[in-house]
Undergrad: 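So that we are looking at the same thing, I have put the structure below in structure tokens.
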Amino acid sequence: VKTSQGTTSEIIPYTPVHTFESFKINDTLKKNILSKGYTSPTPIQDQTIPHILEGKDVIGVANTGTGKTAAFLIPLIEIVSKDRNKKVIIVTPTRELAMQIRDEFIYFARGLGIYCALIMGGANMYRQKQDLFRNPNFVIGTPGRLKDLIQQRALNLSSFGIVVLDEVDQMVDIGFLNDIKYFVSLLNSNRQSLFFSATVEAKVKGVLSSFVKNPITVSVKKQDMLVNIKHDIVKVVDKYKKIEQLHDLLNKKDFEKVLIFGRTKWGVQKLSEELVKRGFSAEAIHGDKRQSQRQRSLDRFKSNQIKILLATDVASRGLDIDDVSHVINYDQPESYEIYIHRIGRTGRLDKPGNAITFVG
């Protein structure tokens, strides 16, 4: 794979030890996996599923886009299918990611009679309380709304025997560290704990020490500068002509499905409106939009009804979109970690991708 510097790196394909057929899971679950188009396990799936099935605590360190959600959902659905008294809570940083996990759950659990409740802000709390009252086996939620329902005594964390903290580094980044510590303090000590994160920084380690017991650590984190992504920069010589440079890029033939990152909600919205005026099919997602609006734009982008999606970093957390041809950093990211997070939206599952950053 050629990088923008002209050097070449070889991608050595991963050979899984297991197949989905060889995992100790029921036939209905195997059929659902097959019908989703999964042929062989990704590295994180191959290496974590057996340990989770055995009831062990697991720390999974993996980049975004590596099949991490299925790595914990598949074995947990199997565990619950065998013991309907088991309850699983999955905590994740954003509404978008929570909905994606819910959607994957519905697919994998088809025909098994196992149900979930989706608990997140921006949705009807009364309905969520009703969902919890039905005592579902799985609860998938974001920290803010989960905390609200715990404090209203609608949710009792001590009743959950399996807990998943997903994208922990991102939850810490966006200010949920104290909430995570609060949740951990309420959990039953006799539990199975699964912890997934792209990085394990010092703050994250503090959560780990009180969360997992004798964990199996699986790290399939690739080098940060993913070799299947081509990195380029665009030098901005005149800030008033920056939009023209973006316009010219977006008119190029191979810019088929483009995700553009901006720093502020206002800037992302303004840029989206300007691109629409220029004839591009573009929409924006950011914190000032209602959840239903954000989801509608996301669905339209996924189904190729629009070509361009603009996002702030917080709104983009956990986005899982197939075949994004280009990620454009219209505003430079504030840190190297944010850059890695942004570009991870393209080149997913080792497909080729392109990352372009405006500089100057």
Side-chain angles (χ1 to χ4, degrees), residues 28-29 32 36 52 68-70 72-168 170-171 174 176 179-180 182-188 191-194 196 287 289-296 298-299 302 315 317-320:
T28 301
L29 183 50
N32 292 342
K36 196 163 171 58
I52 297 172
K68 177 168 48 63
T69 301
F72 60 77
L73 278 182
I74 289 170
L76 294 182
I77 289 170
E78 171 63 19
I79 289 169
V80 170
S81 73
K82 286 182 174 176
D83 182 355
R84 299 304 171 108
N85 292 317
K86 291 277 189 184
K87 292 180 67 176
V88 178
I89 186 162
I90 301 167
V91 186
T92 198
T94 66
R95 301 168 187 178
E96 283 77 15
L97 185 53
M99 286 188 288
Q100 285 172 191
I101 294 171
R102 185 271 316 269
D103 292 345
E104 283 207 49
F105 169 85
I106 290 170
Y107 207 104
F108 289 132
R110 217 167 33 175
L112 290 168
I114 300 170
Y115 303 100
C116 75
L118 179 63
I119 306 299
M120 63 182 197
N124 187 292
M125 186 184 286
Y126 175 77
R127 191 172 300 139
Q128 292 174 2
K129 286 182 178 179
Q130 291 296 104
D131 288 342
L132 290 174
F133 185 73
R134 296 186 184 99
N135 198 27
N137 288 101
F138 281 75
V139 172
I140 302 161
T142 53
R145 180 57 59 87
L146 287 172
K147 189 175 181 182
D148 290 341
L149 291 174
I150 290 166
Q151 293 175 342
Q152 293 178 30
R153 300 181 183 274
L155 180 64
N156 178 7
L157 287 193
S158 68
S159 67
F160 290 86
I162 303 173
V163 186
V164 182
L165 297 183
D166 187 29
E167 303 278 11
V168 182
Q170 294 178 21
M171 284 197 275
I174 57 181
F176 288 128
D179 288 341
I180 296 168
Y182 172 64
F183 296 153
V184 172
S185 74
L186 299 176
L187 293 168
N188 191 317
R191 65 176 185 266
Q192 181 179 8
S193 303
L194 309 179
F196 288 88
K289 296 252 183 165
R290 291 194 308 274
Q291 185 59 39
S292 58
Q293 293 175 309
R294 284 158 62 171
Q295 191 57 39
R296 189 160 53 247
L298 196 52
D299 290 342
K302 284 182 176 180
R317 293 291 184 185
L319 292 185
D320 186 7

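Heavy atoms only: backbone and side chains are in, while hydrogens, waters and symmetry mates are out.
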Undergrad: Taking all non-hydrogen atoms of both residues into account, name the closest pair between Pro93 and Asp166 and its distance.
TA: CD-O, 3.4 Å
Undergrad: What heavy-atom pair brings Tyr115 and Pro136 nearest, and what distance separates the two atoms?
TA: O-CB, 3.6 Å
Undergrad: To check you understand the geometry: which heavy-atom pair defines the closest contact between Gln192 and Ile52, and what is its length?
TA: NE2-O, 3.1 Å
Undergrad: Do Ser81 and Ile114 make a side-chain contact, defined as non-hydrogen atoms from C-beta onward lying under 4.5 Å apart?
TA: yes
Undergrad: Would you indicate whether the side-chain heavy atoms of Gln295 and Arg95 approach each other to under 4.5 Å?
TA: no
Undergrad: Find the distance between CG (Asn188) and CG (Asn156) and round it off to the nearest 0.5 Å.
TA: 9.5 Å
Undergrad: Can you find a heavy atom in the side chain of Val88 that is under 4.5 Å from one in the side chain of Phe72?
TA: no
Undergrad: With side chains defined as the heavy atoms from C-beta onward, is the minimum distance between Phe176 and Gln170 less than 4.5 Å?
TA: no
Undergrad: Taking all atoms of both residues into account, what is the closest heavy-atom pair of Gln128 and Ala123, and its distance?
TA: NE2-CB, 3.4 Å
Undergrad: Does Ile101 reach the side chain of Ile90, with side-chain heavy atoms less than 4.5 Å apart?
TA: yes
Undergrad: Rounded to the nearest 0.5 Å, how far apart are SG of Cys116 and CG of Asp103?
TA: 9.0 Å
Undergrad: Find the distance between CG (Leu157) and NZ (Lys87) and round it off to the nearest 0.5 Å.
TA: 9.5 Å
Undergrad: Could you tell me if the side chain of Leu76 sits less than 4.5 Å from the side chain of Phe138, heavy atoms only?
TA: yes
Undergrad: Show your reasoning for whether side chain to side chain contact (heavy atoms under 4.5 Å, CB included) applies to Thr69 and Gln100.
TA: CA-CA 9 Å; Thr69 301; Gln100 285 172 191; over 6 Å; no
Undergrad: Mind listing the closest non-hydrogen atom pair of Leu29 and Phe108 along with its distance?
TA: CD1-O, 3.4 Å
Undergrad: Any side-chain heavy atom of Gln151 sitting closer than 4.5 Å to one from Tyr182?
TA: yes
Undergrad: Would you say CZ of Arg84 has more than 12 non-hydrogen atoms from neighbouring residues, nucleotides or ligands within 6.0 angstrom?
TA: yes
Undergrad: If I take atom NZ from residue Lys129 and atom CG from residue Asn124, how far apart are they, to the nearest 0.5 angstrom?
TA: 10.0 Å
Undergrad: If you draw a 6.0 Å radius around NZ in Lys86, do more than 12 non-hydrogen atoms from other residues or ligands fall strictly inside?
TA: no
Undergrad: Among Thr142, Ile140, Ile89, Leu132, exactly one meets side-chain contact (heavy atoms from CB on, under 4.5 Å) together with Ile119. Which residue is that?
TA: Leu132
Undergrad: Any donor-acceptor pair under 3.5 Å linking the side chain of Asn32 with the backbone of Arg110?
TA: yes
Undergrad: Can you confirm whether Lys36 is buried at NZ, in the sense that more than 12 heavy atoms of other residues, nucleotides or ligands lie under 6.0 Å from that atom?
TA: yes
Undergrad: Nearest 0.5 Å please: distance from the CG atom of Leu73 over to the OH atom of Tyr107.
TA: 14.0 Å
Undergrad: How long is the straight-line distance from OG1 of Thr92 back to CD of Glu167, given to the nearest 0.5 Å?
TA: 6.0 Å
Undergrad: Do the side chains of Ile180 and Val91 get nearer than 4.5 Å, heavy atoms only?
TA: no
Undergrad: Specify the closest pair of heavy atoms between Gly287 and Arg294, including all atoms of both residues, with the distance to one decimal.
TA: CA-NH1, 4.1 Å
